Amino acid sequence: MSGKSTNKSIHAPKGTRDLYPEDALRRRYVQQAWRDASIRCGFDEIAGPTFETSELYAVKSGEGILNELFQAYSGKSPEEVEQVKETGRAPYAMRPEFTPTLARMYAAKAGSLPKPCKWFTAGPYFRAERPQRGRLREFEQWNVDVIGLPREPHNAGKWLAYELEQTAEVVEVAIQSLVELGLVSSDIKVHVNNRLFVESVLQDIGVPPERVVAVIELLDRRQKMSSDSFAAAAFEVGLSVDSITSLDAAFAELRQRTDGQEALAKAALRAKGVVLGKGEASELMQKTSVLLKSSELLAFCGQVDAIGYGDWLRVDPAVIRGLAYYTGTVFEVIAEGERAVAGGGRYDNLIELMGGPPTPAVGFAMGDVVLSLLLDDKGLMPEGADLLDAVSRPCASVRPDVFVIGADDEATDPLVRRLAADLRRGVESKHWSESDDRKPWARERYESATGGVSPLHARVSYKSTRNLKKLLSDGEKQFARYAAIVHGEDRVQLRDLDSRSELTPKDVPGMDDGIAEFSVDPTHPAYVGRAVAGRIA
RNA sequence: GUGGCCGUAGCUCAGUUGGUUAGAGCACCAGGUUGUGAUCCUGGGGGUCGCGGGUUCGAAUCCCGUCGGUCACCCCA
């Protein structure tokens, strides 16, 4: 090829990628997993501009970000040109992230938007950094956010319970996408932490408030440093050897508490009350503030475990996220030896900071660069005919397949969340799980002939009412095809919302067997998901 | 922004302390054998060694610059 010219203009800019047909298909494959996972979990797709006014990015964290902006201006007005010359800052910037746009979009229509807002978006982002492994100057990123609480909470405990639930829901989407792509919990973990927990621990071991930020920054870099240089740096910020020991002990204890199903189940039960048995906690943990915050982290882990993803979690004090606007739970999706695939957390003050009403929110972003590296390493990136098949698969239904409703009281709520997660995940067929060469994109994965159930788009209501009529109408307003009304484990009513008629296992081919009601249990012969998936197919 | 390593054919790479006309495998093209598009045989096209400058009788090889890639630091939204 004679294209080996030195002419700059014919090269793609540094840190960008030219996607030839096969590359574009690979990108499509990843994006489809992102999209399917978000849609099935009840998120709506939105989109924003790829460039914004520079001020938008100056509002928040302010520091390093501004130096890594690709700046943009039309060059058509003399004022613009003058501004660039004088300030060195163009009026626009290519977006380096989505959150400010999201906050802006939400703030602009806050009054008329549903609560909570569950939004996702995927597209290109730009950062003027030096490229390295897992990091380019233009990359694809997927953002998933839940903004706002369903209603005004009456007490702090209730509020916290909602927040944790939403945070768990966001983590569910992230894990769902990884599952979709064939990753398992031994490949990659969701490292979770809580900023407030770290701060309260630091306070209780005697780190003065003005040093807290410095210490957190140090902890963030800890695993990159040698133990000697860490010790030196720790001394510099006034962290004694004893402090480090008790800090490590606090996290070791916390991690132990999140190990194993039992502890998690207990934590889940405590989520509402936000109380941890004092007798069980160490001296440090017993200090009230630490106790409260550690129980928040525990409760969060419990929530994730309750929907079946406990295996994916790992409590990790090093995950603090550089971003200034994170307020509580933070998490990063990390595979051994790689940069984080995704990161996110709660940002309860940002919307207000952007000029909107005070609105708690939680979200994460996942980039395609590290994810693709990981899929390549694990042999999970399809090639050739497989790639074509993978991309040709039918995608998730934007119209909700099932609307899951808790019939009786708060006792059915955990069942509802669990069922929704199970419906979204689907059931893998025996044929596929027993095959040696498991291709995550294969149609056989959810084939019904050998016990599989396709993943479904399942939504839940965020209304506090227990009025079944109102809940059903909530489902109808969202155009759900079916409503699953959960009365108990093996007592699920199924309604066709289009015809407004009732369905029983008798109406489902191969499900008769004298079973009167559907079940929430995916292994049960009358699993409600099997009925819905069968009718939709 | 700072530093390390790398840049030879479409691809993966050889190329000895600087020394004839820069090589191999795969791929590609042509012809032959063969009853499928498989195997085997013969032949062929294709590189001014990323680019520019310097040292030298002589540079893919040494030096400087530059562009590109890669890895780490910084940062990580």
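Labels below follow one simple rule: chain letters A, B, ... track the order of the sequence lines, proteins then strands, and each chain is numbered from 1. The structure presented is a predicted model; accordingly, all values stated were derived computationally and were not measured.
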| request: By nearest nucleotide on RNA chain B, pick out whichever of A/Thr16 and A/Ala365 is the more 5' one. | output: A/Thr16
| 5′-ward residue of the pair A/Phe98/A/Pro131 relative to RNA chain B | A/Pro131
From [atom1] of [X] over to [atom2] of [N], roughly how many Å is that when rounded to an integer?
{"X": "A/Glu68", "N": "B/C76", "atom1": "CD", "atom2": "C1'", "value": "7 Å"}
{"X": "A/Arg339", "N": "B/C76", "atom1": "CZ", "atom2": "C1'", "value": "8 Å"}
{"X": "A/Arg127", "N": "B/C74", "atom1": "CZ", "atom2": "C1'", "value": "15 Å"}
{"X": "A/Tyr57", "N": "B/C76", "atom1": "OH", "atom2": "C1'", "value": "16 Å"}
{"X": "A/Glu129", "N": "B/A72", "atom1": "CD", "atom2": "P", "value": "13 Å"}
{"X": "A/Arg133", "N": "B/G4", "atom1": "CZ", "atom2": "C1'", "value": "17 Å"}
{"X": "A/Phe51", "N": "B/A77", "atom1": "CZ", "atom2": "P", "value": "25 Å"}
{"X": "A/Glu383", "N": "B/C11", "atom1": "CD", "atom2": "P", "value": "18 Å"}

Specify the closest pair of heavy atoms between [X] and [Y], including all atoms of both residues, with the distance to one decimal.
{"X": "A/Pro360", "Y": "A/Leu149", "result": "CG-CG, 3.5 Å"}
{"X": "A/Glu180", "Y": "A/Ala33", "result": "CG-CB, 3.6 Å"}
{"X": "A/Ala37", "Y": "A/Gln176", "result": "CB-CG, 3.8 Å"}

[atom1] atoms of [N] and [M], separation to the nearest Å:
{"N": "B/C26", "M": "B/C63", "atom1": "P", "value": "35 Å"}
{"N": "B/C11", "M": "B/A27", "atom1": "C1'", "value": "7 Å"}
{"N": "B/G68", "M": "B/C51", "atom1": "C1'", "value": "10 Å"}
{"N": "B/G25", "M": "B/G65", "atom1": "P", "value": "39 Å"}
{"N": "B/U20", "M": "B/A60", "atom1": "C1'", "value": "16 Å"}

| task | Could you provide the dot-bracket string of RNA chain B, using ( ) for intrastrand pairs, [ ] for crossing pairs and | for bases paired to another strand, with Watson-Crick or G-U pairs below 3.5 Å? | result | (((((((..((((.....[...)))).(((((.......))))).....(((((..]....))))))))))))....
| Side chains of A/Thr167 and A/Gln303: donor-acceptor distance under 3.5 Å anywhere? | no
| message | Please tell me whether A/Gln71 and A/Ser54 have a donor and an acceptor in their side chains that are separated by less than 3.5 angstrom. | response | no
| said: Centroid separation under 6.0 Å, is that true for the rings of A/Phe126 and A/Phe70? | reply: no
| Who pairs with A/Gln141 by side chain to side chain contact (heavy atoms under 4.5 Å, CB included), at least two apart in sequence or on another chain? | A/Tyr125, A/Arg127, A/Phe139, A/Asn143, A/Ala365
| request: Before giving the answer on side-chain hydrogen bond (donor to acceptor under 3.5 Å, both in side chains), spell out for A/Trp142 and A/Ser177 the whole-Å C-alpha distance, their side-chain angles and the decisive distance to 0.1 Å. | output: CA-CA 11 Å; A/Trp142 173 43; A/Ser177 73; over 6 Å; no
| query | Looking at A/Arg130, does any N or O in its side chain come under 4.0 Å of the phosphate oxygens OP1/OP2 on B/G1? | reply | no
| request: Ignoring backbone atoms, test whether A/Gln132 places a side-chain nitrogen or oxygen under 4.0 Å from the OP1 or OP2 oxygen of B/C71. | output: no
| said: Classify A/Gly15 by what it touches in the nucleic acid, base, sugar-phosphate, or nothing, heavy-atom distance under 4.0 Å. | reply: sugar-phosphate
